[in-house]
Amino acid sequence: MLAPPGAGKGTQGERLAAWSGAEHIAAGDLLRAEAQTGSALGREIAACQASGDLVPDQIVLDVLIPAITAAAARAGFILDGFPRNLSQAVAAAELATRLGLTLQAAIYLQAPEAVLVERLLNRASQDGRSDDKADVIRHRLQVYAETTGALVPYYAERGILVSVNADQPPDDVTADIQARLSRLPGAPAEPGRPGLAGRPALAGRHVMTGRPCCGTPR
Ligand code: ADP
């Protein structure tokens, strides 16, 4: 799932995981958990997160690869917040190749910046994340625009970009994503429509896998 802060990656990622049976792997959550251990690595992560900068790629990979590898051996995964720059995208493609998988869809949640800022400021009053402060929110949006946004054309060129309007009520966003993913081979049924007979749905290895080649760097 590829989206600016506040677009709803976490909410939609959890819903998609419940719908598909795949595991929701949220990069930000795993990094926050590591930060809370208070280790030297954790302190470095916490500093990056508090300032709204990206955590160095090698740390991200060290934290995520075990979770991705384990999920790949079970029911597959929905990656939320990874990759976030081009070198992570290349690393993700290489990892997929190593695991015998290819990325099946890059779900891009789009919403106007004013909507994102309003959502993040509202969330700040509820869950007290260190990076949900006005100046850090601005910086996170800038990092997204300057770095992560480049992944939109990257995945469009690879033919796996699924763009969804995230400036709608959460249920409508979920329905749109499900409708789009339902058209992929081996996908679960759209609500109210019969699924693909006998197929175990997008669950499992199908979520980020499927067609050969798509996820590999060109
Ligand atoms: P949001 O998308 O709202 O910023 P996340 O929980 O996805 O929330 O990310 C919070 C922070 O965690 C980021 O600002 C960054 O510091 C760190 N982070 C998450 N994913 C990555 C990643 N793939 N690469 C580097 N840093 C990351």
Side-chain angles (χ1 to χ4, degrees), residues 1-7 9-14 16-17 20 22-109 127-132 136 139-152 154-155 158 160 204-209 214-218:
M1 302 195 72
L2 168 63
K9 290 190 301 294
T11 304
Q12 298 301 332
E14 276 169 24
L16 283 182
S20 66
E23 206 166 307
H24 177 217
I25 299 178
D29 289 350
L30 289 183
L31 291 166
R32 269 185 292 278
E34 185 64 39
Q36 274 171 5
T37 65
S39 64
L41 182 70
R43 286 197 296 277
E44 187 175 351
I45 293 171
C48 294
Q49 289 193 314
S51 64
D53 289 307
L54 294 186
V55 173
D57 292 344
Q58 194 53 53
I59 297 179
V60 173
L61 292 173
D62 288 349
V63 169
L64 283 181
I65 285 177
I68 293 173
T69 306
R74 295 194 294 260
F77 46 81
I78 292 168
L79 289 175
D80 158 356
F82 175 84
R84 244 172 156 112
N85 60 29
L86 281 171
S87 69
Q88 290 183 10
V90 171
E94 285 170 358
L95 177 65
T97 302
R98 211 161 59 233
L99 294 171
L101 313 173
T102 50
L103 305 183
Q104 192 178 29
I107 302 165
Y108 171 39
L109 302 180
D127 60 10
R129 252 174 62 169
S130 66
D131 55 353
D132 280 346
V136 183
H139 185 58
R140 284 157 62 206
L141 289 168
Q142 190 185 353
V143 169
Y144 174 82
E146 288 172 359
T147 306
T148 311
L151 297 184
V152 172
Y154 175 91
Y155 285 118
R158 281 154 183 78
I160 61 168
R205 299 167 68 83
H206 297 287
V207 169
M208 299 298 276
T209 71
C214 294
T216 45
R218 286 177 192 160

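All heavy atoms count here, side chains included; hydrogens, waters and symmetry mates do not. We count residues from 1, following the sequence as given. Since the model is a prediction, treat every value here as computed from it, not as a measurement.
When the salt bridge (charged side-chain N to carboxylate O under 4.0 Å, His left out) test is applied to Arg32, the partners found at least two apart in sequence or on another chain are Asp29. Listed by chain and residue number, nothing satisfies the side chain to side chain donor-acceptor pair (under 3.5 Å) test with Arg98 (two or more places apart in sequence, or in another chain). Annotation: salt bridge (charged side-chain N to carboxylate O under 4.0 Å, His left out) contacts of Arg43 (sequence neighbours excluded): none. For Pro56, the side-chain contact (heavy atoms from CB on, under 4.5 Å) partners two or more places apart in sequence, or in a different chain, are Glu44, Cys48, Ile59. For Ala91, the side-chain contact (heavy atoms from CB on, under 4.5 Å) criterion is met by Leu61, not counting sequence neighbours.
Across Ala72 and Leu99, no two heavy atoms sit closer than the pair CB-CD1, 4.1 Å. When every heavy atom of Ile25 is checked against every heavy atom of Ala67, the shortest pair comes out as CD1-O, 3.6 Å. Heavy atoms only, all atoms of each residue included: Gly13 and Met1 are closest at CA-SD, 3.4 Å. Heavy-atom minimum distance, Ile78 versus Ser20: CD1-OG, 3.8 Å. A pairwise comparison of heavy atoms in Ala3 and Tyr144 identifies C-CE1, 3.5 Å as the closest pair.
Residues Phe77 and Leu64 are not in side-chain contact: their nearest non-hydrogen atoms beyond the backbone lie 4.5 Å or more apart. Between Arg84 and Val60 there is no side-chain heavy-atom pair separated by less than 4.5 Å.
Here the CG atom belonging to Leu79 is positioned 4.5 Å from the CD1 atom belonging to Ile68, to the nearest 0.5 angstrom. Atoms NZ and CD1, on Lys9 and Ile107 in that order, are 12.5 Å from each other to the nearest 0.5 Å. Annotation: the span from Thr148 atom OG1 to Tyr154 atom OH amounts to 13.5 Å, rounded to 0.5 Å.
In this structure, the side chain of Arg140 does not engage the main chain of Pro5 through any donor-acceptor pair within 3.5 Å.
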For residues 34-41, which side-chain donor-acceptor pairs fall under 3.5 Å, sequence neighbours excluded?
from	atom 1	to	atom 2	distance (Å)
Thr37	OG1	Glu34	O	2.6
Thr37	OG1	Ser39	N	3.3
Thr37	OG1	Ser39	OG	3.2
Ser39	OG	Gly42	N	2.9

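Within the structure, every pair that satisfies the side chain to side chain donor-acceptor pair (under 3.5 Å) test and touches residues 50-62, not counting sequence neighbours, is listed here: Ser51-Asp53, Asp53-His139, Asp57-Asn85, Asp57-Ser87, Asp57-Gln88, Gln58-Asp62.
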